[in-house]
S.K.: 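Below is one structure. I have some questions about it.
Note that the coordinates shown come from a computational prediction; the quantities given were computed from them, not determined experimentally.
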Amino acid sequence: FSSRRRHTRYPLVTGVQTCALPIWLLWLGMATNGRAALGPMLMIGVGMGLPWGLMDGLAVSVVPKERAGMATGIFNTTRVAGEGLALAVVSAVLSVLVAHQLVGSGAVPVERAAAIAQRLVAGDLGGAAGLDHTLAPTALASAYQQAFAILMRLLAGITAATALMVFAFLGRGPVHAGHPATSDARS
């Protein structure tokens, strides 16, 4: 088991780091339009896909064989719930950042910033502009781009830190030295 964990940490870390680099590129503004963003977005997808099979295997390897299905089910349920929660948190953070950009630039008063930002983050540029007719679409786009750059910087840092934690934690010895899965993995 310990040997398997050490050998899986490199592909897991590579997958997470494969996500961090394109997030960083998106923050730097290297993807200025939809086509330019395709490469980084593809890299993020590949990076996310690399570790899933390995993580399923790690989840199954720490339980007795008769509970492998349960371990896989719990892992996948937790993963999907975590992804949903992460998406909600990232959307909320982006909305707050957009509102902050709008207020900071003096484009909108504080009382309307949240509603405009929520529409903008949801992709409703027309609805966002309709909430304040004095706003130019370029001001909305600028606020969104600045907020998105801040969010990408934050996510790139979190992703890089996660890769370091995965590398550190999977380098340790077995979690339970006397666990039946440990002796099965060594034979």
S.K.: Run through the side-chain heavy atoms of Ile, Leu, Val, Met, Phe, Trp and Tyr, join any pair under 4.5 Å, and report what else lands in Met70's cluster.
M.R.: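 The other cluster members (ILVMFWY side chains, heavy atoms under 4.5 Å, direct or chained) are Ile74.
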S.K.: Hey, can you pull the donor-acceptor pairs under 3.5 Å for the side chains in residues 85-109, sequence neighbours left out?
M.R.:
| unit_1 | atom_1 | unit_2 | atom_2 | d |
| --- | --- | --- | --- | --- |
| Ser91 | OG | Leu87 | O | 2.9 |
| Ser105 | OG | Gln101 | O | 3.2 |
| Ser105 | OG | Leu102 | O | 3.1 |
| Ser105 | OG | Ala107 | N | 3.4 |

S.K.: Is Ile158 reachable from Leu164 through a run of hydrophobic residues whose side-chain heavy atoms are each under 4.5 Å from the next?
M.R.: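 Shared cluster, no.
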S.K.: Let me confirm one number: the CG-CG distance from Leu155 to Leu151, rounded to the nearest 0.5 Å.
M.R.: 4.5 Å
S.K.: What pairs meet the salt bridge (Lys or Arg N to Asp or Glu O under 4.0 Å) rule with one or both residues in residues 78-92, with sequence neighbours excluded?
M.R.: Arg79-Glu83
S.K.: What residue pairs, at least two apart or across chains, pass side chain to side chain donor-acceptor pair (under 3.5 Å) with a residue in residues 117-127?
M.R.: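 Qualifying pairs: none.
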S.K.: Listing request: all salt bridge (Lys or Arg N to Asp or Glu O under 4.0 Å) pairs with a residue in residues 66-76, at least two apart in sequence or in separate chains.
M.R.: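 Pairs touching residues 66-76 that pass the test: none.
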S.K.: Without placing hydrogens or testing angles, list every side-chain donor-acceptor pair under 3.5 Å for residues 36-48, not counting sequence neighbours.
M.R.:
none

S.K.: Anything under 3.5 Å between a donor and an acceptor, one on a side chain of residues 130-142, the other on a protein residue two or more places apart or in another chain? List them.
M.R.:
| unit_1 | atom_1 | unit_2 | atom_2 | d |
| --- | --- | --- | --- | --- |
| Asp132 | OD1 | Thr134 | N | 3.0 |
| Asp132 | OD1 | Thr134 | OG1 | 2.5 |
| Asp132 | OD2 | Arg112 | NH2 | 2.9 |
| His133 | NE2 | Gly130 | O | 3.4 |
| Ser142 | OG | Gln146 | NE2 | 3.4 |

S.K.: Pairs under 3.5 angstrom only: tabulate donor-acceptor contacts from the side chains of residues 13-21 to other protein residues two or more places apart or in another chain.
M.R.:
| unit_1 | atom_1 | unit_2 | atom_2 | d |
| --- | --- | --- | --- | --- |
| Thr14 | OG1 | Tyr10 | O | 2.7 |
| Thr18 | OG1 | Thr14 | O | 2.5 |

S.K.: OG1/Thr162 to CZ/Phe169 distance, rounded to the nearest 0.5 angstrom?
M.R.: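 Going from OG1 on Thr162 over to CZ on Phe169, the span is 10.5 Å.
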